[in-house]
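This report concerns only the one structure given below.
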Amino acid sequence: MKKLILIVVDGMTPATFERAVESGRAPTLTQLAAHGSYARATSVFPSLTPVCLSSIATGAMPDAHHIPHLVWWHRSERRLVEYGSSFAALRAAGMAQSITDTIYNMNQQHLSRDVSTVYETLEAEGLTTAAVNITCYRGGTRHLPTLPWVTKPAYGPKRFFYYSLFESDQTGAPLAVRNRAAGSIDAYASVVGRWLVTRDGFDFLAYYLSDFDYASHAHGPTGAEDVALARVDGHIGALVDAAGGLDEFLERYAVILLSDHGQTPVAHVAQLEESLTRFADNVVVAASNRAAQVYLLPDARVDAAAIARALDDVSPVEATFRMEDGRAVARRGGADCPLDQLEHPDAIRRVSAALANPNAGELLVSAAEGWEFADLGGRHHAGGGSHGSLVEGDSIVPVLTIGVDARIDSITDVKGAAVAHFGAVRA
Ligand SMILES: [Zn+2]
């Protein structure tokens, strides 16, 4: 039976993947692509990493897994949750609380118990799963942090590696957070991945590389290719090398390689709260990257439709979405329209699931091309790249499968493909 490696390259667009393979600029990706089948798939909405990785790991849309955005209003705790839009945003939301939300609460509290992660499902079958750096990691094994002054455990897969903070095994990997821009996070992942493959220490491995997205935010989706593509390729090549070369690697492992969302260039930044100041006593605005949510406070004297109308002439806003009389309604260009009139990829399913997320705002906002919403700390990526909206560039991802007999049209198909892979072999 072949084991399975899931490789998630954060923020890599289909165009980047296709260029990389055609030009031969990424030798490992090129070799892998020659042995597999390639397609494009859709992400979820908002197309932001915590939402997307939760969908990849659980196979569920946001209505079922309950992670709504990078930043959201926790209604019962009456506070903002911020998973790391920027350092300044973490500080604005309260540093200690934000770190706890990102590291622990996202998996232990916010991720719905009604869905199971790929690690939970496969380990219930007696398989050993491993996760490197992926932010949706919930599993059944208790892991204590590596730092002596942090004592709270996390519950992850049997083999669990998370930014040097949780390490189920000693691998000799350098600290993950030494120099983010220089790629130290993926360098950490790569040493861990090499260690795991050398020992063949898993049945299923989720191997998450985040540096490409980071570079793409700074340099734009195309500019990132010069900065980070070779590094990504090298970190995937490290797994192949650890197996003893491509033939040995593919003899032992099936592969699913994809990204979680795309990216599009952004030139302008908007502070969405400024367009809604007259509702300030009635709403909470949670904005980051290219998506925002507006939450109505319990005693609000305004409804989502009025807020949607107030955004009619706000050019950074391409469309808003809300529920009205039990139906999902989109509004753009100053008029309401049913979801089936939207031409965005998989729009009905993605918008409906985003609106049905109990942690989502009453009004969801998707940014226009070229625009980004500043986060809580006022930070943005104008001049670089961003994502989060419903538009195609943010929403389509490359998917390469090798030795996996499954069709992946959406990132929510990955978990089912992984489970079927092992189920089919065992049956
Ligand atoms: Zn990003």
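In each ligand, atom 1 is the first atom listed, and ligand 1 is the first ligand listed.
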Between Glu120 and Arg138, does a salt bridge (charged side-chain N to carboxylate O under 4.0 Å, His left out) hold up when you go through it step by step?
CA-CA 7 Å; Glu120 290 169 330; Arg138 196 179 66 199; 2.8 Å; yes
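Residue His261 does not count as close to the Zn ion (ligand 1), with no N, O or S atom under 2.8 Å.
When you scan the N, O or S atoms of Asp213 for the one nearest the Zn ion (ligand 1), you land on OD2.
In this structure, the salt bridge (Lys or Arg N to Asp or Glu O under 4.0 Å) partners of Glu318, at least two apart in sequence or on a different chain, are Arg332. Applying the salt bridge (Lys or Arg N to Asp or Glu O under 4.0 Å) criterion to Asp101, with sequence neighbours excluded, gives Arg79.
Ring geometry for Tyr162 versus Tyr137: interplanar angle over 60°, hence perpendicular rather than tilted (30 to 60°).
Around the Zn ion (ligand 1), the angle linking His387 (NE2) with His217 (NE2) is 100°, rounded to 10 degrees.
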